[in-house]
Amino acid sequence: MDASAYDHHSAEKQWAEAWRKHRVYEPNLDHPNSPFYNLMMFPYPSAEGLHVGNMYAFSGADIYGRYQRMQGKDVFEPIGLDGFGIHSENYAIKIGVHPVEQAKKSQENFYRQLGAIGSGFSWDERLETYDPEYYTWTQWLFVQMFKNGLAYKASSLVNWCPSCKTVLADEQVEDGVCERCKTSVERREAKQWFFRITKYADQLLANIEKIKWPEKIKNAQRQWIGRQTGLEIDFKLDGTTHDGKKEIISVWTKFWETMFGITYLVLAPEYPHVESCADETHKTEVRAYIKKALHKTEQQRKIDEKDKTGVFTGAYAINPATNEKIPIWIADYVLKDVGTGAVMGVPSHDLRDFAFAKKYSLPLKQVVSYDDATINTAVARGEKAFEGKGVLINSGEFSKLSAWGEGKENMKQWMIRKKFGRERTTYHLRDWLISRQRYWGPPIPMVECAECGWQPVPEDQLPIELPFVKDYKPTGDGKSPLERAPESWLYTPCPKCGKKAKRETDVSDTFLDSSWYFLRYPSVHTKDKPFDSARIKTWLPVNAYIGGAEHAVLHLLYARFVTMALKDWKYLDFDEPFPFLFGHGLIIKDGAKMSKSKGNVVNPDEYIEKFSADALRTYLMFLGPYDQGGDFRDAGISGMYRWQQKIWRLFHTKVRTKVDTTKPTTQNLLVKLQRTIKKCTEDMAAFRFNTSIAMLMECANVWSEDGEAMEKKDAEQFLKLFAPFMPFMAEEIYQEFIGGGSKGKKSFTSIHTSSWPTYQQNLLVEKTVEIIVQVNGKLRGRFTIDANEAMDKTRVAEAAKGLEKVAELLKAGSVKNTVVVPGKLVNFVLEEK
RNA sequence: GCCGAGAUGCUGGAAUGGUAUACAGUCCAGUCUCAAAAACUGGUGGGCGCAAGCCCAUGAGGGUUCGACUCCCUCUCUCGGCACCA
C-alpha cells in the first residue's frame, strides 16, 4: 500500500474501463426491480469539446443518480449527442469542414471527454440525432404531426436571420437577435412549415400546476404562453372600402371600460386588407409606410419605441358605443400578433395612446375621473394620460359607475348583448416554425405534387436520408442547400398519384430532434418503431430531469408539446415527460457567462489531467448550491485536490484493517459519522451537494484529529458517502482493501452498486446537551447538562441562574420572564431598574 | 413597466424563529528543511481592552417576538425571464 499519494491517472483510467467491462451502469432495461430514469439534458457537441459548464451539469446529475443507485434503484443514465442543427453546422462552416466530417470528430472527442468525467452513463444506449437510425423517427414524428393536422405549411411574416440565412421560431429570437449567432433578426414573408403548438396552449399552461419544476422555469413558460382574457370589439368602417366591401375592424382589449373615450383606431402594418381601407389620396403614403415598416428589424422597431410613427388612412370607423366617427391610422407600434392586430386609441387613459395622439394631434376624451384632483385636472386638460382606478364619466348609462368594478362588468354585458363585443382569450404563444433553410438537419419528409398537393412520405420509406451535398452552405435566397441535391433525390413519385413530384428541401428545426430523444433512449436498438411501448411503460416519464434554465421556453416547451401530442395519438399514456425537473445554475468565469467570444471557456481536460476528475467534479459541486451555479476559479480546485489526498492518506494510515474488538472506533468519531450519514442522506436527496461535502469534510477533520484508527466497517460507511462525489478514488480504495476487495479477481462488486449507509439512531441521541443561556436575548453563558434533565424546565432555569456570570447580570434587574426551550436554551428577560 | 430569484467576513458560501460567520479559499505566523515545495499547527468580520470580557455587524429603514439572516411592511441595489401586450 502506497500511503504517500493517490495517483489519479492510472486509477481513473482503470476504473472507467472496469465499469464498462462489468456493465456497472447498465440496468436491466426489460425487468428492472426499481427503475429510475435519471436524465440530464444532452449536449450539443462542438469541436471545442466539453466545457466545465457541461461538466457541472453532468456531475450534479450523476451524483444524484449514484445516490439513487446506492438506494437500490436501477438507475438508467443515458447520454447522447444533439449533434444536428445550426450550432454544429455554423462551426463546420467557420472552419471549412463538411458537417458530416466534423460530426465524426466532435463525436469522438465528446465521448472521450464524457468518458473521463466520472459519470455513470449507460453507454450501450447512446444516440446521436444525426444518425439515420434516430432521425428516421424524427421524420416519423413529423409525418404524424401532418397526419393529425398539427403540421401545416403557410405563408406568413417570419423571423429571418441574415447570418444563419434561415428562418427561426419565435422562441429562438431573444431580444430581437438570433439565439445562436446574435445577429439582428429581420422579418420576411415566407411559406413555411409550422407545428400547431397553440392547440395545446391551455393544456401546456394548466399542466404547469402539476409538475415539480423550479418556479422560475414554470413562470417563464406561463409568461411565454401568455394567456390573457379580454374583449374583442367590432368597429364598422364608415362607408365602404374603395373596392366596395363593408369591412369590419375588430380590436382586442382588456380595458373596454374606456370604450367611450376612443378617439381613433390604429392598425398594424400587417393588418389584412389594410391598404384597401385607405382612400385614394392617402393610398401612396400608406403603401410606403407599410413597406418601410415591414422591412424594419425587431431592433429598429425597439429604437423607435419612444418616437412612434404612423400614417392616417383617410378612412373612418364608427365607435359602436357612441356612434362617433373616428379616424383609422396605421402604426408599427401595433403588432399583428398581439390581439387582433388592431388597437383602439384611448389617449386620455393609456400612456402610449397619449404619446401617439399628441404627436399627430388626435383628439383626447376623458372618460374616467380620479379622486386625486391634481391628476384629474391634468387629464381633463389633456396634459397627461392616467391609467389608475377611477369612476366612469362621459360614458352614457355607465357614467358614475366604477371603472374597474360594476361599470366595467356592465359595459361588457352590454357589448355582448348588443353583439359588437365578445369575450376572447389571446395567447402570446405562436405556432412552432419548424422549417430551416439549412443543410445539417433531418430533411422534412414531405413531397409536393402538382396535382395532389403536399403529401407525407409513406412511413415505410423513412428515413429520407440527408443526401451528401458538397456545397452545403446556406444560400440566403430563402432556399435550402438541399436544392442542390441530385435530381434523383429531389424528384420522387408522388406517394398518392405516382406522378413526378418534388421533395421538401428544408430541414427541420434542431429542437425537433431534442423534443423526443428521452423517449428513444430506453429502446435505441429498436429498429421498426420509434420506441418500444413496454420499455416506455417501464421507464417513463423521466424520474429526474436535470438541466439549465436557458431552455425554459425552448426545449422544455417543445418536449412537453410533443409528449402531449403523442399521448393524444395513443402512443403514450402520460402527458408530461418530466414531472420532476431540477434546474442547475450556470458556471461563470471571471464574472461572465462562458462563451467563445469572451474567450473564457474552460476546458476540463487540463484540470482532470492535473487534479483528477474526482477533484474537479467535487470542487464544482462545493462551489455553492447546485441551482445557483458559481464562479470557476483555479485556486479552489487545488484545495479540493488537497482534500482528496488527505482522504487517501486517512484511509491508508488510520483504518484498522484487522478486527480488534478491544479497540473500536472512538465514540466521538462514531457519533460524527452517524451525523454525517444523516446529513448526507438528506442533502443528496435534495441536490444540496455543497453542504453534503462540507459535512464530509467536518467528519474527515474529526477522523484526522482522532487519536485512534477507525474500524474498517465504519471507514467503509464513510467511503460510501463520498463515493458519488469521487467515484474513481472511492472505487480504488474499496477494491484495494475496504469492501470489494475484488482487485485481480474475476468477479467484480463495485462500491457504486453497494448500498447506501444507514445511521444508528441511538448514537445520535446525546447523553448530555449544551444549554445556551441568554439575558435579554443576548448570549451570556452556556453549560452542559444531562440530556434527560435538560427537558425539565425548572431544573434548567435553576442551573442557568447558578452560573456565576449570569447571576451577576441578573442583579441588574428583576426577572420579568423566563423562557426555557427544553434541551436548547434559557432566556431571562429583565425588568430594567 | 410586469414576473421570478437574490443581497451574510477579503472571496465562495453555512445556519427547523434559538450559540451568526459552519465548511472551504485567501493571507499571516510557526513546525519540519541547507532552502523550497508538500504536510502539519495556530490565527484571520470590525471596534475597545494587558486580559477576562464588552460593544457593533447578515443591503437600508420600520414592525411582530422573550429572541429575527430567517416571518411581515416600505425602500435600494444585483441577477434572470417577459415586454410598444393594447
Side-chain angles (χ1 to χ4, degrees), chain A residues 4-5 174-175 214-226 228 230 251-256 258 265-266 268 301-308 331-335 337-346 349-353 355-356 387 426-428 549-550 552-553 583 585-586 588 591 619 622-625 627-640 642-643 645-646 649 688 690-701 704-705 770-782 805 815-821 823-830:
Chain A
S4 62
E174 296 170 346
D175 251 340
E215 206 47 46
K216 184 176 146 182
I217 298 180
K218 292 209 281 189
N219 245 311
Q221 290 211 350
R222 283 192 196 103
Q223 276 180 169
W224 188 259
I225 295 165
Q228 285 189 303
V251 304
W252 181 85
T253 182
K254 286 189 287 184
F255 309 105
W256 59 83
T258 57
L265 294 185
V266 196
R301 277 200 174 191
K302 275 218 145 65
I303 293 163
D304 297 342
E305 201 170 312
K306 293 267 155 26
D307 187 26
K308 297 189 195 336
D332 66 3
Y333 80 89
V334 178
L335 307 176
D337 284 331
V338 178
T340 57
V343 170
M344 56 186 214
V346 187
H349 306 288
D350 182 284
L351 298 172
R352 273 166 314 144
D353 293 349
F356 190 75
E387 297 176 336
T426 68
Y427 299 86
H428 173 258
E550 68 270 23
V553 295
L586 204 65
I588 56 172
Y619 160 68
F622 190 54
L623 232 39
D627 56 2
Q628 261 175 44
D631 201 355
F632 185 87
R633 282 190 216 157
D634 290 22
I637 176 162
S638 58
M640 191 54 73
R642 281 201 295 273
W643 189 70
Q645 296 294 344
K646 176 177 175 171
R649 275 196 311 275
R688 288 192 297 257
N690 58 328
T691 48
S692 202
I693 295 165
M695 192 64 180
L696 288 167
M697 287 174 167
E698 282 187 42
C699 187
N701 288 346
S704 162
E705 285 154 20
E770 190 178 52
I771 302 289
I772 301 308
V773 185
Q774 297 178 336
V775 177
N776 287 337
K778 280 186 178 156
L779 176 72
R780 294 300 173 187
R782 61 188 75 197
K805 198 176 134 197
V815 177
K816 190 171 70 177
N817 189 12
T818 305
V819 181
V820 181
V821 181
K824 273 245 160 107
L825 65 82
V826 185
N827 186 15
F828 296 108
V829 187
L830 294 191

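Bear in mind the structure is a predicted one, so any value in this text is a computation, not a measurement. Below, read A as the first sequence line, B as the second, and so on, with proteins coming before strands; counting in each chain starts at 1.
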**Request:** Answer yes or no: side-chain N or O of A:Gln223 and base N or O of B:G81 forming a donor-acceptor pair under 3.5 Å.
**Result:** yes
**Item:** Base of B:G6 paired with side chain of A:Gln628 (donor-acceptor, under 3.5 Å)
**Value:** no
Is the shortest side-chain N/O distance from [X] to OP1 or OP2 of [N] below 4.0 Å?
X	N	value
A:Asn690	B:C23	no
A:Gln221	B:C82	no
A:His428	B:A83	yes
A:Arg642	B:U26	yes
A:Arg352	B:G1	no
A:Lys308	B:C84	no
A:Arg222	B:G81	no
A:Asn817	B:U65	no

Nearest-angstrom distance, [atom1] atom, [N] to [M]:
N	M	atom1	value
B:C69	B:A7	C1'	11 Å
B:G80	B:G43	C1'	40 Å
B:C23	B:A14	P	14 Å
B:U26	B:U11	C1'	7 Å
B:U78	B:G67	C1'	31 Å
B:U19	B:A5	P	26 Å

**Request:** Kindly determine whether A:Lys646 and A:Asn701 satisfy side chain to side chain donor-acceptor pair (under 3.5 Å), including the steps that lead there.
**Result:** CA-CA 10 Å; A:Lys646 176 177 175 171; A:Asn701 288 346; 3.0 Å; yes
If we call it a pair only when both distances are under 3.5 Å in a Watson-Crick or G-U wobble match, what pairs with [N]?
N	result
B:G25	B:C10
B:G53	B:C48
B:U64	none
B:C69	none
B:A38	none
B:C2	B:G81

Please classify the nucleic acid contact of [X] as base, sugar-phosphate, or nothing, using heavy-atom distances under 4.0 Å.
X	result
A:Pro625	sugar-phosphate
A:Phe255	sugar-phosphate
A:Asp350	nothing
A:Lys778	sugar-phosphate
A:Lys218	nothing
A:Val829	sugar-phosphate
A:Asn701	sugar-phosphate
A:Leu825	base
A:Arg780	sugar-phosphate
A:Gly636	nothing

**Asked** Taking the side chain as C-beta and beyond, is there a heavy-atom pair between A:Val251 and A:Val343 under 4.5 Å?
**Response**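 A side-chain contact is absent here, since even the closest heavy-atom pair is not under 4.5 Å.
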For [Y], is there any backbone N or O sitting under 3.5 Å from a side-chain donor or acceptor partner on [X]?
X	Y	value
A:Asn776	A:Leu830	yes
A:Tyr619	A:Arg633	yes
A:Glu387	A:Leu351	yes

**Asked** Rounded to the nearest 0.5 Å, how far apart are NZ of A:Lys824 and CD1 of A:Ile771?
**Response** 10.0 Å
**Request:** Return the nearest nucleotide to the side chain of A:Ala694; candidates are B:A22, B:G25, B:C84.
**Result:**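 Out of B:A22, B:G25, B:C84, the nucleotide with an atom closest to A:Ala694's side chain is B:A22.
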